Amino acid sequence: MGESLQPSLLAGFDLSAPLPGIANMARELPVARVVIDSAVPHLDRPFDYLVPADLDAAAQPGVRVKVRFGGQELGGFLTERLGHSDPGIKLQPLRAVVSPEVVLSAPVLATARAVAERYAGGVWDVLRAAVPARMARMETEKPSESGPAAADNPPGEPGDHLLAEYHGGTEYARALRAGKSPRAVLSAVPNRPGDWPALLLEAAELVLASGRGVLIVVPDARDLARLCLTLDDHLGSKGYARLSAEDGATPRYRNFLRVARGQARLVVGTRNAAFAPVKDLGLAIIWDDADSSHAEPRAPYHHAREVLLLRCGIEDAGLLLAAPGRSAEAQRLIRSGWAQELEAERRLLRAHAPRVIAASDEFEAERDPLLHAARLPAAAWREAKAALAHGPVLVQVARTGFMPALRCERCRTPARCTACNGPLALGDARGAPACSWCGLVAHDWSCVECGFMRLRAASIGADRTAEELGRAFPNINVVAATGAKPLHSVPDTPALVVATPGAEPVAANGYAAVLLLDGDRMMAREGLRTGEEVLNRWMGAACLARGRDGTKDRPGGGTVVVAGDPSESMRALVRFDAAAYAQSELDERRALGLPPAVRTAMVKGPAATTDKFISALEIDQEVRRHGPVLLDEGEHRWLLFFSYAQGPAVTAALRALRARFSAAKEPIVSIRIDPDGIL
DNA sequence: AGCACGCCGACT
DNA sequence: GTCGGCGTGCTC
């Protein structure tokens, strides 16, 4: 800004009407620039305040402050100290420094700004996710003995060469150790010593040894628990900091302070840990970036992978995207040359991946009513039966409640109510199917397409499946693990473990078999990325199975049975090659001009305002505009398609216009950038 | 969300 | 001539 040319320290102060306390302001750098806690779009910019002399010492960049803003007291972060402000503005004094603790570092602020730009959202919304709520007592708590992270075990004993099992991995490791910041995408080989936590730890230790900090972001509490077991073993619980919203506000803030104070150089956590103020970040690692838990469910709906991409650019840090499968976005980073691919040795993958069997033999199951009820293909039943002699068997089913949707058994046409056209379902009370909208009981249902008179459950939930499997496998212990009843691990004893995607417990020595039962149901969801999501869920579960060959610490013979109609996803699972699948998906999207080969924005709100918003948008003519789509309650939705190169200009235009509309008191339009699940 | 400032009507 | 209606726009 041009004010650096302004010679007078006092420019901008109204000297004719001194403010209270102006005589007592700080002598050096008397102006504090503050981002305020306001969700109002046109107030999403810094405001300047005067620093009273008594707050001078505490008013450092990065601290929480209180300010007076248009009649009310607001919270905020002090971002800068300046010699003077813009001329012609009466500055208010800073009301208070909430705590001298520096909780917002310069690179994190820069990242938050970049994230807000990318997602056309407010900086404050990002900061709220980035900086955990203050817990005042934690600030005075004396740090429990051992100071900076000290590894009890020197880095690098068992499994020190896991990265070397990938083409380019040795060079990648060397670069990390040498203080460089390489970027890579890796699809992890399962059943290696210590599994993926050991692989990520190996990369982290190389960077720690180079004197820099490391950040590891995982999708959820289950993965975090698994990673922390490994870290506790190798570094001790004091050797790193763990940041997860699920740990609760107090431990979260305690750990956050250790990071902010530079007492922890290795940080692991869930999505918002991507903003952890790690000092001198050398490497950020994201595990399983295709998992939807990495997307923040609140505005501006940022994704941890994109946060880290921006942050690594800002801090010149390395990035490692590691996963059981491969997201199309990760594949794009390889294809564009931004990241290198660390590809597994094919021979190694063949030996350590489980054997995968595709079972599409519906008619076999029909002969056995028990298997039919549990919708278990005969091949799956045979494999499970055999595997149960050696260990636990995982059964992955689609996420849904107790109430299944019904279809015609012969032609698969969804069964609908004759009165209101609502979907028919079986309640938990056994009996005739009923409409789940109007409740009308369909006594003698027949298919409107083919006249067939038998129904089949399109899918049933984990609880119901567990019940049915109990009947198909008498005398076998059956446990269910779902989002509602999470279970992190199961013992290495024969049992059937029914779980929904993402909630699969880990078996101590791997599962003897994994049955993937609800592929058709998961595939039935209309959506551009359905095939990709299904493959990722399958790969995630398949990687919990034992390998084809045994290793010295794990038996072999692992088998995966995938049931359902043949599909590209199924073929990719059988070949255990998510990278090739992601590449072909990406090629297809590029040809069609669809995400993630292009970027998208969704604008939605009251019809008139939204249409006006779109026509007032000052963006390149080449940006494709689709709409309006009429939604419920008179709302309109528009979709914009634009290239990655056009991205910054488009999101900047959306942000600027949103601010203009907000200032003009137009109703709120909601904007989502690169939303998942709309297309 | 609150507060100032501003341009019209009603009243001491 | 002055007080005050609330409509519009800004808030460091």
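Order of the sequence lines fixes the chain letters, A, B, ..., with proteins taken first and strands second; residue numbering starts at 1 for each chain. Quick caveat: nothing in here was measured; it's all calculated off a predicted structure.
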Please report, rounded to the nearest Å, how far the P atom of C:dT11 is from the CZ atom of A:R45.
7 Å
If we count only N and O atoms by modelled type, under 3.5 Å, do the side chains of A:Y119 and A:E306 hold a donor and an acceptor together?
no
To the nearest angstrom, the CD1-C1' distance between A:I89 and C:dT11 comes to 11 Å
Under 4.0 Å, heavy atoms only, any strand: does A:I36 hit a base, just the sugar-phosphate, or nothing?
nothing
Classify the ring geometry between A:F661 and A:F613 as parallel (under 30°), tilted (30 to 60°) or perpendicular (over 60°).
perpendicular
Between A:E532 and A:R529, is the closest basic N to carboxylate O distance under 4.0 Å?
yes
Closest approach to the side chain of A:H42, judged atom by atom: which nucleotide of B:dA1, C:dT11, C:dC12 is it?
C:dT11
Nearest-Å distance, CZ (A:R660) to P (C:dG9)?
14 Å
Interatomic distance, A:Q92 CD vs B:dC3 P [rounded to whole Å]
12 Å
Mind calculating the distance between CZ (A:F69) and C1' (C:dG9) to the nearest angstrom?
12 Å
Figure out the NZ/C1' separation between A:K665 and C:dT8, and round it to whole Å.
7 Å
How long is the line joining NZ of A:K90 and P of B:dA4, in whole Å?
11 Å
Checking A:H294 against A:D289: is there a side-chain donor and acceptor pair closer than 3.5 Å?
no
Return the nearest nucleotide to the side chain of A:L43; candidates are C:dC10, C:dC12, C:dT11.
C:dT11
Using atom CZ of A:F661 as one end and atom P of C:dG9 as the other, report the distance to the nearest whole Å.
15 Å
